[in-house]
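Start at 1 and go down the list; that is how both ligands and their atoms are numbered. Treat the numbers as computed from the prediction; the structure is a model and nothing was measured. Heads up: numbering here begins at 1 and tracks the sequence.
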Amino acid sequence: MQIKHLDHIKALVLDMDGVLWREREPIGNLPVIFKSFSKAGLQVVLATNNGTRTPAQYVEKLAEYGVKIRPEQVITSSLGAAYLLQKRFPMGGHVFVIGEMGVETAMKDAGFAISEKDAVAVVAGMDRSISFGKLKTGCLCIRAGAAFYGTNPDRTFPTPEGLIPGAGSILAALEACTDVKPIIAGKPNSTLFEFAEQRLGIAADEMLVVGDRLDTDILGGYRAGCKTALVLTGISSFEDATRFEVKPDLIVPALENLLDD
Ligand SMILES: [Mg+2]
């Protein structure tokens, strides 16, 4: 049940954590795997719900594993949020950000200025230096009519110490003080895949979304109209897949098995 049965596929949209690496350990020989994809004529895009880093930082991280990619190949949930904001506010404007470098850079690159003054939107995500002051300003902006966007819904974030608060926990705090639900860019919503589709200039069903989580990667890819492949190197197991509402088009032990005969 491998990729040759999906021979109209032109691009792979890969999740990173649990697909390319676990903690700091690469999963398989990444340079060889990426070479096999380019040999097969497949474009590769990396799509992550983690919005704290910039594409340039992922380019560096991949380089440490011996894989050369271009920043345009990386789509984070912060870029997804910027993509949604650009569609809604084509003239730009001020946005108030609760988040790290990944969000700020994405907003500036999309033509928005970072300021709470007359903010058209509040964009929130994982922020490891969150303060009462930031929550208060975000709350007041939203209450004054600013649109409320979130990078990704993940309530927790895995670390060697255990699960710590993720973007979703910060969104929950803002929701609690405003009674407004955020518009979320990350998976399982389809925004990241629509953005990939636009960047690559191909149709949704020509993209194979590869991920380790059924409830984000596979569901999101399915909602966007893409083909989907589950790898068993991360969160979801084969048994989970048999019970899940959406069946992946492929299930493979690891990314290196994707092109196997
Ligand atoms: Mg993952």
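In Asp15, the N, O or S atom that comes nearest to the Mg ion (ligand 1) is OD2. Counting just the N/O/S atoms of Asp212, the one with the shortest distance to the Mg ion (ligand 1) is named OD1.
In this structure, a donor-acceptor pair under 3.5 Å is absent between the side chains of Thr191 and Asn189. Checked by atom type, the side-chain pair Tyr149/Arg88 shows a donor-acceptor distance below 3.5 Å.
Residue Asn49 is tested with Asp154, Asn152, Thr151 for a side chain to side chain donor-acceptor pair (under 3.5 Å); the sole match is Asp154.
Salt-bridge formation is detected for the pair Asp127/Lys134: a Lys NZ or Arg NE/NH1/NH2 atom is positioned less than 4.0 Å from an Asp or Glu carboxylate oxygen.
Among the backbone and side-chain atoms of Asp17, an N, O or S atom lies under 2.8 Å from the Mg ion (ligand 1).
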